[in-house]
Amino acid sequence: MANWDAVVIGLGGVGSAAAHHLAARGCRVLGLDQHPRGHTLGSSHGKTRIIRQAYFEHPSYVPLLCRAYQLWQELELASGRQLYHPTGLVELGPADGVVIPGVLRSAAEHALAIEALSVDEVTRRWPGLAGPRLREHGGLRAVIEKDAGYLRVEDCVETHLQLAERAGATLRHVRPVRHWRTNGQAVEVTTDEGIEHAARLVIAGGPWSGRLLSSLGIPLRVLRKYQYWYQPKSPGYAQSDGFPCFFHETPSGYFYGFPDIGSEGLKVARHSGGTAVESPTSPHPRDRDEQRRIEDYLNGYLPGVGDQLKTQTGCYYTTTPDEHFIVDLLPNARQVAVIAGLSGHGFKFTSVLGELASQLAIDGATTLDTSLLRIGR
Ligand SMILES: Cc1cc2nc3c(=O)[nH]c(=O)nc-3n(C[C@H](O)[C@H](O)[C@H](O)COP(=O)(O)OP(=O)(O)OC[C@H]3O[C@@H](n4cnc5c(N)ncnc54)[C@H](O)[C@@H]3O)c2cc1C
């Protein structure tokens, strides 16, 4: 006899949202996480995450993003806390690259409001982006998505957890799941405290998902990534100056960043690259080569930032071979929903992924099209 309607393994970005949506639909929910509440050992920390709709990765994500925006707004209303900060997002890259054609395709297919900008307009509006290497390569294009911005990542997770508890969920931290199995009807989840019986299971283990799904042969690669905060040496980089978030396809990779928010410093990181690791371990060692790449990017493209590093943090991407998420029921265990392999671009979706996880677990299907994200694609 199941003592829970659903158990959620992992209470990070996805699992916190799944616990909230399951509890809001009246389920008796147990959420389990191996680490303390608010930990910085996985993938959902580092102050900010970009959120945008004209998705260069694939137009199929756009309906999910529209719903994600609605759900972030609902979460803000329910909690009285600002989570989404609209700053606009400037995207730069070659006309025949990946980012600009992808943005234009998604915007055209879904009638999204984006504005094409010349390089002159970009440097006139934001002189902080007028680095010496900006015009090195011909054919550079720019767009601004005004309805893009950033989410406060830790606040989003904590708000989902609080609303889950308010709706009746039981959440246990520092409670690692050692093992889970199904008997065709229900699910057994083993922790050091004993066995929990549930009708449904949601697996949202982030960079530890490979271990939780080891018998299923889902190929997930864990990459160590870094985020850096620099103290600008020139004015014009602050959010209060109107400096936007940015995403830049350059000959040496994809770089992105955020305005200087308050006194945090300008945050910058490289989306491409990363170091493959066997399993997530902490603390993250310093990576001088990565820091050099970041400072080389700043010197070339954001000339007034300088190299006064304020702080840095490591984090993990969990990538699938095609870098699309996994959002599905397990083919051989329909009681088990898996949301994994967010491939370094999933936080903005966590509000809707929580809703989709609850639909998979309760209804066995989702209201939005997730065929791109099926396990057997
Ligand atoms: C540097 C960096 C920058 C990023 N930038 C962006 C961005 O700008 N925009 C964007 O949309 N996305 C971005 N992402 C991606 C996004 O942050 C991740 O896709 C998302 O946070 C992943 O959430 P998750 O729930 O899968 O993993 P996590 O938040 O790590 O949660 C997994 C949880 O599962 C728990 N767990 C695992 N195994 C067990 C077990 N056996 N028992 C109990 N608990 C367990 C872990 O302790 C952890 O709390 C970025 C990621 C990184 C690393």
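Position 1 is the first residue of the sequence; numbering continues from there. When a ligand or atom number is given, it counts from 1 through the structure's own listing order. Predicted model, so just to flag it, every value in this text is computed and none were measured.
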Peer 1: Side chain or backbone, does F349 bring an N or O within less than 3.5 Å of an N or O on ligand 1?
Peer 2: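 Among all N and O atoms of F349, none is under 3.5 Å from an N or O of ligand 1.
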
Peer 1: May I ask which of A204, S44, A340, G46 has a heavy atom nearer to atom 32 (C) of ligand 1 than the others do?
Peer 2: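 Looking at heavy atoms only, the winner is A204.
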
Peer 1: At what distance is the nearest protein heavy atom to atom 41 (N) of ligand 1, and which residue and atom is it?
Peer 2: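 It is V177 O, 3.1 Å.
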
Peer 1: Within ligand 1, which atoms have a heavy atom of Y256 less than 4.0 Å away?
Peer 2: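 Within the 4.0 Å cut-off of Y256, ligand 1 contributes 2 (C), 3 (C), 4 (C), 5 (N).
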
Peer 1: F347 versus ligand 1: do any nitrogen or oxygen atoms come within less than 3.5 Å of each other?
Peer 2: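 In this structure, F347 places an N or O atom under 3.5 Å from an N or O of ligand 1.
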
Peer 1: With ring pair (Phe, Tyr, Trp, His ring centres under 6.0 Å) as the test, pick out the partner of Y297 among Y230, F255, Y228, Y254.
Peer 2: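 Filter result, single survivor: F255.
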
Peer 1: Run the ring-centre check on H284 versus Y316 and record whether the distance is less than 6.0 Å.
Peer 2: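 Centroid separation for H284 and Y316: below 6.0 Å.
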
Peer 1: Between L32 and ligand 1, find which residue part has any heavy-atom pair under 4.0 Å and reply side chain, backbone, both or neither.
Peer 2: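 The part of L32 near ligand 1 is the backbone, not the side chain.
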
Peer 1: As an exercise, identify every atom of ligand 1 less than 4.0 angstrom from a heavy atom of G42.
Peer 2: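 Every atom of ligand 1 under 4.0 Å from some heavy atom of G42: 30 (O).
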
Peer 1: Taking N or O atoms only and a 3.5 Å limit, does W208 qualify as a polar contact for ligand 1?
Peer 2: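 The answer is no, given that W208 and ligand 1 share no N or O pair closer than 3.5 Å.
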
Peer 1: What residue and heavy atom of the protein are closest to atom 8 (O) of ligand 1, and at what distance?
Peer 2: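 Protein heavy atom at minimum distance: I50 N, 2.8 Å.
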
Peer 1: Among protein heavy atoms, which sits nearest to atom 30 (O) of ligand 1, and what does the distance come to when rounded to 0.1 Å?
Peer 2: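 Of the protein heavy atoms, S43 N, 2.9 Å lies nearest.
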
Peer 1: Among all protein heavy atoms, pick the one closest to atom 43 (C) of ligand 1 and tell me residue, atom and distance.
Peer 2: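 I find the closest protein heavy atom is Q34 N, 3.1 Å.
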
Peer 1: May I ask you to decide if the ring planes of H160 and H21 are parallel, tilted or perpendicular, using 30° and 60° as cut-offs?
Peer 2: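 Ring orientation of H160 relative to H21: tilted.
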
Peer 1: Taking only heavy atoms of K348, which atoms of ligand 1 are found under 4.0 Å from at least one of them?
Peer 2: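 Numbered from 1, ligand 1 contributes 9 (N), 10 (C), 11 (O).
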
Peer 1: Only heavy atoms of Y316, strictly under 4.0 Å: list the atoms of ligand 1 that pass.
Peer 2: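 That gives atoms 53 (C) of ligand 1.
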
Peer 1: Quick check: closest heavy atoms across R286 and Q291, and the distance to 0.1 Å?
Peer 2: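 For R286 versus Q291, the nearest heavy atoms are NH1-OE1, 4.1 Å.
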
Peer 1: Do R224 and D287 sit within salt-bridge range, that is, some charged N less than 4.0 Å from a carboxylate O?
Peer 2: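 No, this pair does not count.
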
Peer 1: Which option, S16, G346, G206, G10, owns the non-hydrogen atom nearest atom 27 (O) of ligand 1?
Peer 2: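 Nearest heavy atom to atom 27 (O) of ligand 1 lies in G206.
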
Peer 1: Select one of side chain, backbone, both or neither to describe which atoms of H39 lie under 4.0 Å from any atom of ligand 1, heavy atoms only.
Peer 2: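 Side chain only.
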
Peer 1: To which of R49, R172, R270 does the heavy atom nearest atom 13 (C) of ligand 1 belong?
Peer 2: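 Looking at heavy atoms only, R49 sits closest to atom 13 (C) of ligand 1.
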
Peer 1: Could you see which bit of V157 sits under 4.0 Å from ligand 1, with heavy atoms only: side chain, backbone, both or neither?
Peer 2: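 Looking at V157 and ligand 1, no heavy atom falls under 4.0 Å.
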
Peer 1: Begin from the C-alpha positions of F56 and F247 and carry the test ring pair (Phe, Tyr, Trp, His ring centres under 6.0 Å) through to its verdict.
Peer 2: CA-CA 11 Å; F56 70 81; F247 194 101; 5.4 Å; yes

Peer 1: Name the closest protein heavy atom to atom 35 (C) of ligand 1, giving the residue it belongs to and the distance to 0.1 Å.
Peer 2: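 In this structure, atom 35 (C) of ligand 1 has D33 OD2, 3.3 Å as its nearest protein heavy atom.
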
Peer 1: In this structure, are over 12 heavy atoms from other groups packed under 6.0 Å from Q73 atom CD?
Peer 2: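 Open: at most 12 neighbouring heavy atoms sit under 6.0 Å from CD of Q73.
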
Peer 1: For the residue pair K348 / Y55, report whether a side-chain donor-acceptor contact shorter than 3.5 Å exists.
Peer 2: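 There is such a pair (donor and acceptor under 3.5 Å, judged by atom type) between the side chains of Y55 and K348.
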
Peer 1: Check each atom of ligand 1 against the heavy atoms of L212 and keep those under 4.0 Å away; list them by number with element.
Peer 2: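 Checking each atom against L212, I get 38 (N), 41 (N).
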
Peer 1: Taking a hydrophobic cluster as the set of Ile, Leu, Val, Met, Phe, Trp and Tyr residues connected by side-chain heavy atoms closer than 4.5 Å, whether directly or through intermediates, do L151 and F258 fall within one such cluster?
Peer 2: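 As far as the 4.5 Å side-chain criterion goes, F258 and L151 are not connected within one cluster.
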
Peer 1: Mind checking whether P176 has a heavy atom under 4.0 Å from ligand 1?
Peer 2: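 A heavy atom of P176 does come that close to ligand 1.
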
Peer 1: With Y317 as reference, evaluate E323, K225, R221, H271 under the side-chain hydrogen bond (donor to acceptor under 3.5 Å, both in side chains) test and give the passing residue.
Peer 2: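 Option passing the side-chain hydrogen bond (donor to acceptor under 3.5 Å, both in side chains) with Y317: H271.
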
Peer 1: Would you find more than 12 non-hydrogen atoms of other residues, nucleotides or ligands less than 6.0 Å from Q185 atom CD?
Peer 2: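 No, because the 6.0 Å sphere around CD of Q185 holds 12 heavy atoms or fewer from other groups.
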
Peer 1: Going by the order shown, which atoms of ligand 1 are within less than 4.0 Å of some heavy atom of P207?
Peer 2: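 Close to P207: 30 (O).
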
Peer 1: What atoms in ligand 1 come closer than 4.0 Å to a heavy atom of G13?
Peer 2: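 Every atom of ligand 1 under 4.0 Å from some heavy atom of G13: 25 (O), 29 (O).
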
Peer 1: Among all protein heavy atoms, pick the one closest to atom 53 (C) of ligand 1 and tell me residue, atom and distance.
Peer 2: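 Among all protein heavy atoms, the one nearest atom 53 (C) of ligand 1 is C315 SG, 2.4 Å.
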
Peer 1: Any idea which protein heavy atom is nearest atom 1 (C) of ligand 1, and the distance to it?
Peer 2: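 Heavy-atom neighbour on the protein nearest atom 1 (C) of ligand 1: Q227 CG, 3.3 Å.
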
Peer 1: Looking only at heavy atoms, what is the nearest atom pair of P303 and A130, with distance?
Peer 2: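 For P303 and A130, the tightest heavy-atom pair comes out as CG-O, 3.8 Å.
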
Peer 1: Between the side chains of K310 and E264, is the shortest nitrogen-to-carboxylate-oxygen separation below 4.0 Å, so that they form an ion pair?
Peer 2: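 So E264 does not pair with K310 through a salt bridge.
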
Peer 1: Salt bridge check: are D307 and R292 linked by an N-O gap of less than 4.0 Å?
Peer 2: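 Salt bridge absent between D307 and R292.
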
Peer 1: Check whether more than 12 heavy atoms from other residues, nucleotides or ligands sit under 6.0 Å from atom CZ of R181, and answer yes or no.
Peer 2: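 For R181, atom CZ is not crowded (no more than 12 foreign heavy atoms under 6.0 Å).
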
Peer 1: Among all protein heavy atoms, pick out the one at the shortest distance from atom 31 (O) of ligand 1; state its residue, atom name and that distance to 0.1 Å.
Peer 2: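 For atom 31 (O) of ligand 1, the nearest protein heavy atom is G12 CA, 3.4 Å.
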
Peer 1: Find all atoms of ligand 1 within a distance of less than 4.0 Å from any non-hydrogen atom belonging to Y317, and give their numbers and elements.
Peer 2: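 Listed by number with element: 2 (C), 50 (C), 51 (C), 52 (C), 53 (C).
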
